[in-house]
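All chains are named by letter (A, B, ...) in the order of the sequence lines, taking the proteins before the strands, and each is independently numbered beginning at 1.
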Amino acid sequence: MPELPEVETIRRDLETKIIGHEISAVIILDDKIVQNRPRDFVKKLLNNKFIVAERRGKLLALGLATGEYLLIHLKMTGQLIYQSHDKIIAGGHSWPRAEDNFSERFTRVKIELSGGREIRFNDMRRFGYLKVVSAAEKEKIFQNNFGIEPLTPDFTWDNFSGLFAKRAIGIKSFLLNQKIISGLGNIYADEVCFHAGVAPTRRVDKLSERERKKLFRCIPSVLALAIKNRGTTFNSFVDADGKKGGFSGFLKVYGREGEKCPGCPGVIRKIRAAGRGTHYCPDCQS
DNA sequence: GTGTTTGTTATCAA
DNA sequence: CTTGATAACAAACA
């Protein structure tokens, strides 16, 4: 599941590869994925070029020379894979094969760039989307749909501590709510709770100042370490080169139901919280 | 055939 | 208004 670290990994990959190259072809294989009218989508991209790669939460925004933005959301199983013709000729890998995390079979949109470069949007479950919007619309979406952005100067204790006020919700739904905090999904929400030593079932308005501070510190530290390791591949995530992330082995609780807790003799439990599978150690998270 | 996986949004109920 | 619960979307897998 691509969350902030996975999307950031892709953003950084693409930034070095696609900026400044003219878009020479746009092929939509599945209309459902594109939220513009297909003809408009192609028209807005063709002969244009990407000049910047931005991210807000789990949403990618690739800036175009015309001032518009291509928004890309990977949702559950989306992949953005880059390939250059040169690399293939030089003996590099070709497109990742189906057995490496199903890809080609689920290619929904192809964007070809000058010089034999190409990015492909794959999505097995077709939850993800691509959409070209104006700079104003993109700004509006960034503003209205996303809460505080971890790993930015905005993420201060002053700003973060204010988010707890008058909220009678569980930590899990607090962390998953993109309008409160941007970028955490099911994996990192559980991991943050573990590192902070608080049970995901606790209500945020009942947390002590000390516990809130721990959460505040663990959110950026867990995310930063995950980015450093190029994200978590649990099911389908791959980076822009089609390679898996390296953070999976660092996961302390997610996907480890029944295993021994990494921090104490206890056993990792799995429950349902905020409608999601939720992993934690009842002994060291309280 | 059943249940499970989750990002996001919609809908309903307390 | 707030919150939680549930379904919906979609496709694959055990």
Side-chain angles (χ1 to χ4, degrees), chain A residues 1-10 29-35 55-61 71-80 97-109 121-131 140-142 144-147 149-150 162-193 200-207 223 226 231-238 245 247-248 251 253-258 268-280:
Chain A
M1 292 58 69
E3 304 177 26
L4 187 153
E6 291 74 36
V7 179
E8 177 64 14
T9 296
I10 290 175
L29 297 132
D30 185 343
D31 283 354
K32 179 192 180 293
I33 300 299
V34 173
Q35 296 198 339
R55 176 192 58 74
R56 184 85 163 87
K58 305 168 193 168
L59 182 65
L60 264 179
L71 303 183
I72 303 175
H73 204 304
L74 303 173
K75 289 286 182 87
M76 306 267 307
T77 55
Q79 303 174 326
L80 262 184
R97 292 155 304 169
E99 58 264 38
D100 306 329
N101 280 325
F102 37 76
S103 44
E104 248 175 317
R105 184 146 81 87
F106 303 115
T107 297
R108 312 295 181 189
V109 179
F121 178 80
N122 304 327
D123 191 0
M124 177 181 72
R125 287 169 64 174
R126 303 161 75 219
F127 271 24
Y129 64 84
L130 282 72
K131 183 185 194 179
K140 207 170 96 185
I141 292 168
F142 272 26
N144 298 342
N145 296 36
F146 297 94
E149 182 74 38
L163 302 175
F164 293 100
K166 290 187 301 177
R167 258 190 249 265
I169 58 176
I171 303 177
K172 187 71 188 258
S173 54
F174 176 82
L175 295 177
L176 287 178
N177 188 332
Q178 303 299 300
K179 290 202 163 81
I180 303 176
I181 306 165
S182 303
L184 293 174
N186 208 34
I187 297 175
Y188 295 105
D190 284 2
E191 292 300 305
V192 165
C193 286
T201 46
R202 295 275 301 284
R203 270 173 48 175
V204 292
D205 55 340
K206 308 272 191 193
L207 293 175
L223 293 176
T232 302
T233 295
F234 201 79
N235 288 319
S236 61
F237 169 72
V238 288
F247 194 67
S248 312
L251 296 177
V253 289
Y254 185 85
R256 299 199 181 282
E257 179 189 14
I268 304 302
R269 290 256 313 257
K270 182 177 179 184
I271 59 166
R272 194 151 285 268
R276 297 297 171 212
T278 298
H279 315 71
Y280 75 111

| request: May I ask you to verify if any side-chain N or O of A:Lys32 is less than 4.0 angstrom from the OP1 or OP2 atom of C:dC9? | output: no
Interface polar pairs with nucleotides 9-14 of chain B, N/O, under 3.5 angstrom:
none

Give each protein N/O atom lying under 3.5 Å from an N/O atom of nucleotides 3-6 of chain C, with the pair distance.
unit_1: C:dT3; atom_1: OP1; unit_2: A:Lys166; atom_2: O; d: 3.3
unit_1: C:dT3; atom_1: OP1; unit_2: A:Ala168; atom_2: N; d: 2.8
unit_1: C:dT3; atom_1: O3'; unit_2: A:Ala168; atom_2: O; d: 3.2
unit_1: C:dG4; atom_1: OP1; unit_2: A:Gly170; atom_2: N; d: 3.4

| Where do A:Asn145 and A:Lys140 land on the side chain to side chain donor-acceptor pair (under 3.5 Å) test, with the steps shown first? | CA-CA 8 Å; A:Asn145 296 36; A:Lys140 207 170 96 185; over 6 Å; no
| What integer number of Å spans the P atoms of C:dT3 and B:dT6? | 24 Å
| said: Measuring only the P atom in each nucleotide, how far is C:dA7 from B:dT2? A whole number of Å is fine. | reply: 15 Å
| field | Among B:dT5, C:dA12, B:dT6, the nucleotide that comes nearest once only the side chain of A:Phe106 is considered | value | C:dA12
| task | Return the set of residues passing salt bridge (Lys or Arg N to Asp or Glu O under 4.0 Å) with A:Arg167 (not counting sequence neighbours), or none when no residue passes. | result | none
| Just how far is it from atom CG of A:Leu130 to atom NE2 of A:His73, taken to the nearest 0.5 Å? | 11.5 Å
| Which is true for A:Gly128 with a 4.0 Å heavy-atom rule: it touches a base, it touches only sugar-phosphate, or it touches nothing? | nothing
| query | Any idea which of B:dG7, B:dT5, B:dT8 is nearest the A:Met1 side chain? | reply | B:dG7
| query | Is the backbone N or O of A:Phe237 less than 3.5 Å from a side-chain atom of A:Glu6, with the two atoms forming a donor-acceptor pair by type? | reply | no
| remark: Separation between CG (A:Leu184) and CD (A:Glu191), nearest 0.5 Å, reads 11.0 Å
| remark: Taking B:dT8, C:dA12, B:dG7 as options, the one with an atom nearest any side-chain atom of A:Glu3 is B:dG7
| said: Ignoring hydrogens, what is the shortest heavy-atom contact between A:Phe234 and A:Met1? Give both atom names and the distance. | reply: CB-CE, 4.1 Å
| said: Counting the atoms with a prime plus P, OP1 and OP2 as sugar-phosphate, which does A:Lys172 contact under 4.0 Å by heavy atoms, base, sugar-phosphate, or nothing? | reply: nothing
| A:Arg105 side chain: which of B:dT5, B:dG7, C:dA12 is closest? | C:dA12
| task | Kindly say whether A:Asn122 contributes a backbone atom to a donor-acceptor pair with the side chain of A:Thr107 at under 3.5 angstrom? | result | no
| request: Give A:Tyr129 one of three labels, base, sugar-phosphate or nothing, depending on what nucleic acid heavy atoms sit under 4.0 Å from its own. | output: nothing
| remark: Taking pairs as Watson-Crick (N1-N3 plus N6-O4 or O6-N4) or G-U wobble (N1-O2 and O6-N3), each distance under 3.5 Å, the stems of three or more consecutive pairs with DNA chain B are B:2-5 with C:11-14, B:7-14 with C:2-9
| said: Under a 3.5 Å cutoff, is there a donor and acceptor pairing between the side chains of A:Lys179 and A:Asn144? | reply: no
| field | All side-chain contact (heavy atoms from CB on, under 4.5 Å) counterparts of A:Arg126, not counting sequence neighbours | value | A:Asp30, A:Lys32, A:Ile33, A:Arg108
| query | Do any pairs count as a ring-ring contact (aromatic ring centres under 6.0 Å, His included) and have a residue in residues 166-185 of chain A, sequence neighbours left out, and if so which ones? | reply | A:Phe164-A:Phe174
